[in-house]
Every structure is written in structure tokens, then in C-alpha cells.
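See structure below.
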Amino acid sequence: MTRKGVTIVETGIVEIGHLVLESGVVLVNVQLAYERTGRLDAPHVLVCHALTGSHVTVGTDDYPGWWSGLVGKGKSIDTNELSVISFNALGGSDGSTGPLTVNPDTGELYRNLFPEVTIRDMVHAERRALTVLGVNRLRAVIGGSLGGMRVLEWGIMYPEGMDILFPMAVTPQSTKIGNMESPFGNSRNDMESFYPLIRAMNTHDIGRGRGGVELASRLISAKVVAFAFTHDPMFPTDEIRTFAYMIPNSIYCLVNTKHGYESFLTEFEKWGLIIKQSMEVALWRQSKSLYLASAL
């Protein structure tokens with residue numbers, strides 16, 4: 001597992017110590033659950049999961065991950081050529097510090113008393129975790145919805161830390177997610193597990209404290225391929241297009257889909273090739289029509 005060139009599939013926990021949140025609250029002994037697949041000596045791709053996802057992006061043959069149709073050997077994000085890392089977001093409940101973590105002040109689970117975290121807090125934690133894993137630079141950061149929010153903040157908070165960003169189904173400011181009882185059931189555990197992530201999504205705004213969205217977008221120095229999906233009422237295509245054109249080095253990609261918002265989790269045959277091609281530097285210099293035509 002330590003030899004360069006060896007392909008691995010690894011899951012575990014990264015300890016990142018104490019973390020000061022934007023609110024000023026200090027979380028102690030923070031940990032993030034992670035999955036790492038691919039070649040240890042290859043360029044690194046960070047995958048950021050959506051609200052109902054986790055760090056298990058690829059998974060196993062018996063228990064495939066949530067994006068195993070896109071990421072894997074010979075797939076659009078090819079683990080024969082890349083190292084792919086994903087974390088369960090800070091505030092999540094799949095092994096990372098979150099509402100199902102023991103509160104050291106009470107000796108009981110945090111549950112609905114877990115401190116408010118922001119998208120920026122999540123990104124800060126992920127950067128610390130990558131450092132522990134020995135990863136100092138990323139080839140790409142990719143994700144949709146909640147994951148897309150983290151992608152945008154990655155590009156602003158650590159502008160020299162990656163080559164390419166792939167924000168999918170995300171706008172620069174929050175679209176209120178609202179009451180999520182219906183998708184996740186009505187039990188107390190369901191709601192407590194997702195509430196910190198929903199709250200973070202509802203406060204998402206890349207322009208906060210940066211002079212607004214347009215000024216914030218100029219802080220992104222990486223190349224950007226911004227994906228929008230037709231029939232998506234949560235993240236409107238016109239808002240994504242307008243935002244994409246604010247970013248200095250960006251491509252706007254509209255994907256014609258059947259499933260709207262959920263299409264970044266499926267229909268890989270319509271847009272997966274764009275991901276693969278965009279990570280090949282020579283192809284970036286071609287016109288925007290290449291990417292748009294591939295997606296329609």
C-alpha cells in the first residue's frame with residue numbers, strides 16, 4: 001500500500017486535531033472519514049459528496065459507492081490513472097465529527113446541539129485532512145449540490161491548490177433547501193443526522209464577506225467547468241450560466257437530461273466524457289462548443 005504505482009482501495013479516519021469554526025466555536029479532536037482509491041503516485045482528484053452521499057464514492061463490487069458509475073477503473077474519472085479521495089463532510093454522520101459524535105462537555109451525543117458549521121468550515125477541515133494524508137495539490141475538485149458548494153469554496157479559499165474545478169448543479173448563493181423530512185423520513189435520527197448539512201447549504205454564499213458574488217468569482221484562478229442540468233428547479237440553469245461567465249477561465253456546460261437535479265448522480269454517458277477530456281490539458285484550448293455539443 002506504500003509502493004508508488006500500486007492501485008489501492010482504502011477507507012479510514014483522518015484525525016485533524018482541534019478546529020476553529022467560523023462562528024468561533026472550537027471543535028476538539030475532529031476527524032473525517034475518507035475513501036482513497038487509485039494510484040498513490042498519480043495526480044489527485046477530490047470528490048465532494050452531495051447531501052445524501054458519503055465518503056464512499058467508489059466502494060466495492062458488493063457495495064458500490066454513490067458515484068461508482070463515474071469513478072473507477074476505465075471510467076470517466078479513471079482510477080488506473082488518478083488517485084481519487086473523498087471525505088464525509090464535517091457535520092456528517094458517516095464517521096466524521098458531527099451530530100452523532102460524543103460531545104466532550106456532556107459525554108452524550110451532540111445530536112441537534114451540534115455547532116453550526118459552514119461550507120467554508122467543511123473545506124477548511126478537508127484541506128487539513130489532505131495535508132495529513134500527504135496531499136499538497138489537486139488535479140481537480142468535483143461535486144454537485146452540497147458538493148458543488150464545497151467545490152466553489154475550494155476554488156476561492158485555496159485558489160492555487162488545484163488545476164480544475166467541476167461545480168455541478170450549484171449556484172453561488174443558497175437556494176433554500178427547506179424542510180427535508182419527506183426525503184429522509186420522519187424519525188428524529190434522520191433529521192438530526194442531516195440538519196447540520198442542510199443548515200450549511202442554506203447559508204451558502206460565496207460573496208459573503210468578499211464584496212459580493214462577482215468579486216468573489218474573480219478570486220478563482222483554477223479552470224472551471226460549470227455544469228447545469230435542464231429541468232432542475234433547485235439550481236436554475238440561467239443562474240449557473242450567468243455565474244460561470246463571471247469566472248475568468250470557465251466553461252459553461254448545459255446537460256440536457258431526463259431527471260433534472262438528480263442527473264449529476266446518473267446519466268454519466270451524457271457528461272462523463274467532458275470530465276475526462278477537461279482533465280487533459282491539451283483539449284482545454286479547444287472551443288466551448290466542443291463541450292456543449294458533447295453534452296446535448
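Only this structure's heavy atoms are used, side chains among them; waters, hydrogens and symmetry mates stay out.
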query = Are any of the side-chain heavy atoms of F227 and I275 separated by less than 4.5 Å?
reply = yes

ring-ring contact (aromatic ring centres under 6.0 Å, His included) pairs, two or more places apart, involving residues 109-141 = Y110-F114

ask   = Between the main-chain N or O of V58 and the side-chain N or O of E35, is there a donor-acceptor pair closer than 3.5 Å?
value = yes

Could you pull out every donor-acceptor pair under 3.5 Å between side chains of residues 21-28 and any protein atom, sequence neighbours left out?
{"unit_1": "E22", "atom_1": "OE1", "unit_2": "T118", "atom_2": "OG1", "d": "2.7"}
{"unit_1": "E22", "atom_1": "OE1", "unit_2": "R208", "atom_2": "NH2", "d": "2.9"}
{"unit_1": "E22", "atom_1": "OE2", "unit_2": "R208", "atom_2": "NH1", "d": "3.2"}
{"unit_1": "S23", "atom_1": "OG", "unit_2": "V25", "atom_2": "N", "d": "3.3"}

query = What residues, two or more places apart in sequence or in another chain, satisfy side chain to side chain contact (heavy atoms under 4.5 Å, CB included) together with T242?
reply = M246

remark   = Heavy-atom nearest pair, T79 first then K73, reads OG1-N, 3.1 Å

ask   = In chain order, what residues pass the side-chain hydrogen bond (donor to acceptor under 3.5 Å, both in side chains) check against S221, with sequence neighbours excluded?
value = E160

query = Which heavy atom in W66 sits nearest to a heavy atom in V47, and how many Å separate them?
reply = CZ2-CG1, 3.8 Å

note = Sequence neighbours excluded, the answer for side chain to side chain contact (heavy atoms under 4.5 Å, CB included) partners of A200 is I119, M122

message = For E267, give me all partners under side-chain hydrogen bond (donor to acceptor under 3.5 Å, both in side chains), at least two apart in sequence or on another chain.
response = S263, K270

request  = Using the side chain to side chain contact (heavy atoms under 4.5 Å, CB included) rule, take L90 and L19 through it: C-alpha gap first, then chi angles, then the decisive distance, then the call.
outcome  = CA-CA 11 Å; L90 178 70; L19 185 69; 3.7 Å; yes

ask   = Side chains of L130 and F87: closer than 4.5 Å at any heavy-atom pair?
value = yes

message = Using only atom types and a distance under 3.5 Å, with no angle test, would you say the side chain of S83 pairs donor to acceptor with the backbone of L40?
response = no

ask   = Can you find a heavy atom in the side chain of I142 that is under 4.5 Å from one in the side chain of M168?
value = yes

task = Sorted by first residue and then second, give each ring-ring contact (aromatic ring centres under 6.0 Å, His included) pair with at least one member in residues 20-63; sequence neighbours left out.
result = none

ask   = What's the verdict on side chain to side chain contact (heavy atoms under 4.5 Å, CB included) for N112 and Y195, showing C-alpha distance, side-chain angles and the deciding distance?
value = CA-CA 8 Å; N112 62 353; Y195 183 65; 5.8 Å; no

query = For R127, what residues pass the side-chain hydrogen bond (donor to acceptor under 3.5 Å, both in side chains) criterion, not counting sequence neighbours?
reply = T131

query = Which pair of heavy atoms, one from V71 and one from T57, lies closest together, and at what distance?
reply = CG2-CG2, 4.1 Å

message = List the residues meeting side chain to side chain contact (heavy atoms under 4.5 Å, CB included) with R241, not counting sequence neighbours, and say none if there are none.
response = D238, Y245, Y252

inquiry  = Under the rule for side chain to side chain contact (heavy atoms under 4.5 Å, CB included), what residues qualify as partners of S93, not counting sequence neighbours?
reply    = P99, L100, S193

task = Quick one: which residue pairs count as a ring-ring contact (aromatic ring centres under 6.0 Å, His included) with a foot in residues 131-158, not counting sequence neighbours?
result = W154-Y158

message = Please verify the inter-ring angle class for W271 with F229; under 30° counts as parallel, over 60° as perpendicular, anything in between as tilted.
response = perpendicular

inquiry  = If we ignore hydrogens and angles and just use 3.5 Å, is the side chain of R139 paired with the main-chain N or O of P43 as donor and acceptor?
reply    = no

inquiry  = Quick one: does any side-chain atom of H204 pair with a main-chain N or O of L146 as donor and acceptor, under 3.5 Å?
reply    = no

query = Under a 4.5 Å cut-off applied to non-hydrogen side-chain atoms, are T203 and E116 in contact?
reply = yes

remark   = Heavy-atom nearest pair, I156 first then L219, reads CG2-CD1, 3.8 Å

inquiry  = Minimum heavy-atom separation for A140 and M279, please, with both atom names.
reply    = CB-SD, 3.8 Å

inquiry  = Just to verify, what does E214 make a side-chain hydrogen bond (donor to acceptor under 3.5 Å, both in side chains) with, not counting sequence neighbours?
reply    = R218

request  = Would you sort out whether V170 and V151 count as a side chain to side chain contact (heavy atoms under 4.5 Å, CB included), showing the intermediate values?
outcome  = CA-CA 9 Å; V170 64; V151 170; over 6 Å; no

query = Can you name the nearest heavy-atom pair linking A50 to G144, along with the distance?
reply = CB-O, 3.6 Å

Pairwise side-chain contact, L32 with S96, heavy-atom cut-off 4.5 Å (strictly under) = yes

